[in-house]
Amino acid sequence: MSLTNDILNKNTLNKSDILHLLNLSEPSELDRLYNKANEVRKQYKGDEVHLRGIIELSNYCARWCTYCGINAGNKQLERYRMPVEEIVITAQKAWELGYKTVVLQSGEDKFYTIDIVEEIIHSIKTTTSLIITLGLGERPEEEFIRMKQAGADRYLLKHETSDKELYKKLHPDMSFENRINCLKVLKKLGFETGSGIMIGIPGQTLESIAEDILLFKELNIDMIGMGPYISHPNTPLHEDFLKLGYFTPDFKVDLEELVYKIIATTRLVNKTAHIPATTALATTNPASGRELALTRGANVVMPNVTDIKYRKLYEIYPAKACINERPEDCRVCIDKRIRSIGRIPA
Ligand code: SAH
């Protein structure tokens with residue numbers, strides 16, 4: 001028996017097991033990892049692929065995240081903010097298209113006060129049976145409580161990296177402790193809670209990614225989103241990216257393959273979690289990124305249901321997948337892609 005086989009047959013993986021899997025490069029060993037992750041996905045999550053329609057409601061942001069194209073410092077970006085009625089209508093359209101869940105995502109935009117957020121949740125809940133996921137960034141506990149009471153079901157807040165020094169560099173105006181505390185509060189309040197990371201950030205290491213995977217488990221995260229970092233030219237981190245490339249200079253990685261290895265390993269460690277095939281991955285490989293992720297541990301896809309006129313402005317990174325597609329076209333395209341690999345759109 002090889003070490004890889006021994007690890008794949010273990011029920012609980014430790015950090016060195018995880019690092020071993022993340023370092024695999026031999027095609028036959030990678031196949032074994034992917035097959036095992038696919039088996040575990042089938043056993044714990046079944047063949048259904050869950051669809052979550054994303055509404056990107058505002059690209060205004062008060063934060064200075066150095067990798068993100070909509071950060072407060074990007075003066076070149078045309079900003080937009082969807083009015084409440086339009087958000088509700090977009091959610092209703094998603095419901096009519098057959099979505100069961102919508103994700104309301106935005107920059108950290110103070111315009112959407114807790115009163116307004118409550119109003120949006122009420123209006124969607126009284127006119128549809130949609131499950132509501134929010135991704136509005138960090139908020140005080142009192143606001144999370146009111147969102148939950150208003151009927152919100154889930155919250156997404158990626159921790160991005162567990163390397164505290166790197167976190168500080170990426171988020172000069174934020175604290176890692178507060179991010180993790182928000183995740184704990186969300187769990188405590190009964191939200192289905194999503195976290196996640198970006199992969200390939202200059203300065204990131206495989207060791208910290210192994211820690212990320214263990215942190216998802218420690219926090220009992222319900223949904224884990226992992227996608228490649230895609231450098232945006234109008235961001236402070238772009239300069240580092242041009243100098244260092246993905247990861248550190250002495251660490252040459254095939255980023256796409258690394259993302260699959262991380263998704264597969266995360267599935268082995270977090271067997272019951274939802275794992276989406278992310279839009280960032282579909283941007284890196286538009287032809288088959290989503291399909292490959294879905295056969296290597298992922299079980300969720302998050303098609304965009306935002307109106308075309310806003311899509312290109314929610315430019316967290318350039319050339320985002322499906323930027324010119326209408327919501328109804330996305331729905332059909334994703335359905336076909338899921339069926340093409342023998343899976344069932346839920
Ligand atoms: N303000 C919200 C939503 C942020 S955008 C929040 O803080 O949760 C959603 C996700 O986009 C982020 O969590 C991050 O993981 C991803 N993202 C931002 N910039 C990116 C980039 N350049 N490349 C890849 N992913 C990026």
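Counting starts at 1 for both ligands and their atoms, following the listed order.
The protein non-hydrogen atom at the shortest distance from atom 26 (C) of ligand 1 is M198 SD, 3.5 Å. Of all protein heavy atoms, the one closest to atom 7 (O) of ligand 1 is R179 NH2, 3.2 Å. Atom 16 (C) of ligand 1 has as its closest protein heavy atom I316 CD1, 4.2 Å. Nearest protein heavy-atom contact of atom 9 (C) of ligand 1 is Q105 NE2, 3.6 Å. For atom 24 (C) of ligand 1, the closest non-hydrogen atom on the protein side is P228 O, 3.3 Å.
Checked by distance only, ligand 1 and Y67 come closer than 3.5 Å through their nitrogen or oxygen atoms. Between I230 and ligand 1, an N or O atom pair is found at a separation short of 3.5 Å. On a distance-only criterion, H232 and ligand 1 share no N/O pair closer than 3.5 Å. Among the atoms of E160, some N or O lies under 3.5 angstrom from an N or O of ligand 1.
For the pair K320 and E315, the salt-bridge criterion is not met [side-chain N within less than 4.0 Å of a carboxylate O]. Between D307 and K93 there is no salt bridge, since no side-chain N of the basic residue sits under 4.0 Å from a carboxylate O of the acidic one. By the 4.0 Å N-to-carboxylate-O rule, K10 lies too far from D6 to be salt-bridged with it. Salt-bridge formation is detected for the pair E211/K15: a Lys NZ or Arg NE/NH1/NH2 atom is positioned less than 4.0 Å from an Asp or Glu carboxylate oxygen. Contact check on D153 versus K148 returns no salt bridge, with no Lys/Arg side-chain nitrogen under 4.0 Å from an Asp/Glu carboxylate oxygen. Salt-bridge formation is not detected for the pair D222/R154: no Lys NZ or Arg NE/NH1/NH2 atom is positioned less than 4.0 Å from an Asp or Glu carboxylate oxygen.
By the criterion of a heavy-atom distance under 4.0 Å, neither the backbone nor the side chain of M226 is placed next to ligand 1.
Contact atoms of ligand 1 toward Y229: 22 (N), 23 (N), 24 (C) (distance under 4.0 Å to a heavy atom of the residue). Taking every non-hydrogen atom of Y314 and a distance limit under 4.0 Å, the qualifying atoms of ligand 1 come out as 5 (S). Close contacts of ligand 1 with K158, meaning ligand atoms under 4.0 Å from a residue heavy atom, involve 13 (O), 15 (O).
Counting heavy-atom neighbours within 6.0 Å of K187 NZ, excluding the residue itself, gives a total above 12.
Using 4.0 Å as the threshold, S106 has a heavy atom nearer than that to some atom of ligand 1.
A cation-pi arrangement is absent between R139 and F144 under the rule of less than 6.0 angstrom and at most 45 degrees off the ring axis.
The shortest side-chain heavy-atom distance between I120 and I132 does not fall under the 4.5 Å cut-off.
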